[in-house]
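The first residue of the sequence shown is numbered 1, and numbering continues consecutively from there. Whatever order the structure lists ligands and atoms in, that order sets their numbers, starting from 1.
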Amino acid sequence: MVKVRKAVIPAAGLGTRLLPLTKALPKEMLPIIDKPTIQYIIEEAVESGIKDIIIVTGKEKKAIEDHFDSSFLLEETLSKKGKLEELREIRKISQLANIHYIRQSEPNGLGHAIWCARKFIGNEPFAVLLGDTLVEEKKSCLKDMMELYDKCQNSIIGIKCVDKTDVHKYGIVDVEKENGPVYNIQSLIEKPSQEQAPSNLAIFGRYILTPKIFNLLENQEPGVGNEIQLTDAISALLKYELVYAHVFNGKSYDIGDKLGYLKTIIEFALQREDLEKEVLYFLRGIVAKRSE
Ligand code: G1P
């Protein structure tokens with residue numbers, strides 16, 4: 001039985017929905033209170049049992065690399081000042097996983113970004129965690145998908161139900177019902193209109209893929225937005241292999257647009273013991289004033 005040991009985190013998008021902020025800062029570095037988004041994602045991969053990670057970066061990668069590198073000056077200063085808790089926290093970041101980087105030189109889409117990682121992955125199954133999608137902590141969706149992979153040895157796509165009016169934002173799958181939360185995928189379509197969408201089951205940012213996908217990505221014609229779409233390559237994969245859909249019932253957060261980002265910060269603050277009371281008090285105050 002082959003196990004999933006590696007993950008790809010695509011983080012090369014232009015972040016156009018968050019401009020001008022993302023002009024020089026990758027959206028994956030946006031802070032969710034005191035941690036950048038991508039750190040939560042790497043922690044999720046590590047908690048699921050993955051230690052080897054490749055981040056596909058775009059033009060601005062320095063901030064990401066610096067964050068996961070050790071920082072001698074900072075560590076020495078914290079140590080001298082006796083700030084041992086902070087020191088432990090900082091050291092933990094650089095020891096989280098074996099993190100590698102590759103650059104996607106042109107913004108050719110998600111499918112092309114994944115293809116850029118082919119040499120690192122080699123001929124084994126791998127996980128994909130989109131760099132702008134967070135899942136509710138502790139309910140590791142990826143871990144469930146990896147356990148499922150151990151049993152079926154086929155590609156698995158994480159899906160969630162979305163509102164019909166939102167299907168145009170996602171890859172949408174058509175499924176045949178199976179046992180429990182797992183479906184057999186019949187077809188996939190990237191960002192369909194409401195009329196074209198075969199369901200309201202959306203790909204939300206977690207995948208386990210077999211290495212066969214790389215050949216298909218290599219020959220994949222550009223699709224929606226004139227980009228090489230991962231969804232189209234998975235659609236082609238269906239001709240050769242079964243692909244499963246795993247329903248995720250926990251919450252997911254899209255930090256890639258302004259409202260999604262704001263909501264994420266508020267929800268995460270409300271989940272933290274050190275902030276919950278004050279933030280709630282603050283929010284209640286605002287709502288009360290607004291309804292006066
Ligand atoms: C990508 C995928 C899409 C998926 C979405 C989830 O689109 O292409 O299939 O549903 O992520 O966020 P993007 O949001 O990068 O346009």
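- Checked by atom type and distance alone, the side chain of T133 never pairs as donor or acceptor with a backbone atom of G205 at under 3.5 Å.
- Contacts between D132 and ligand 1 below 4.0 angstrom, taking non-hydrogen atoms only, are absent altogether.
- The shortest contact between atom 11 (O) of ligand 1 and any protein heavy atom is with L130 CD1, 3.3 Å.
- At under 3.5 Å, a nitrogen or oxygen of G171, whether backbone or side chain, sits near a nitrogen or oxygen of ligand 1.
- Among pairs with a residue in residues 1-21, those fulfilling salt bridge (Lys or Arg N to Asp or Glu O under 4.0 Å) read K3-D150, R5-E124, K6-E124, R17-D254, R17-D257, at least two apart in sequence or across chains.
- The part of T231 lying near ligand 1 is the side chain, judged by heavy-atom distances below 4.0 Å.
- Cluster note: I172 groups with V162, V167, Y170, I189 through ILVMFWY side-chain heavy atoms spaced under 4.5 Å, whether in direct contact or through intervening members.
- Taking each heavy atom of A113 and V56 in turn, the nearest pair found is O-CG2, 3.5 Å.
- Taking distance alone, with nitrogen or oxygen atoms compared against 3.5 Å, E190 approaches ligand 1 more closely than that limit.
- At least one N/O-N/O distance between K191 and ligand 1 falls below 3.5 Å.
- Those atoms of ligand 1 with a heavy atom of Q229 less than 4.0 angstrom away are 8 (O).
- Under the 4.0 Å criterion applied to side-chain N and carboxylate O atoms, K81 and E86 are not assigned as salt-bridge partners.
- Remark: K263 is not positioned above the aromatic ring of Y253, lacking an NZ or CZ atom under 6.0 angstrom from the ring centre and at most 45 degrees off the axis.
- No donor-acceptor distance shorter than 3.5 angstrom exists from the side chain of E76 to the backbone of L73, with no hydrogens or angles considered.
- In the candidate list R206, R17, E227, R17 is nearest to atom 14 (O) of ligand 1, counting heavy atoms.
- At a 3.5 angstrom cut-off on N or O pairs, I203 counts as close to ligand 1.
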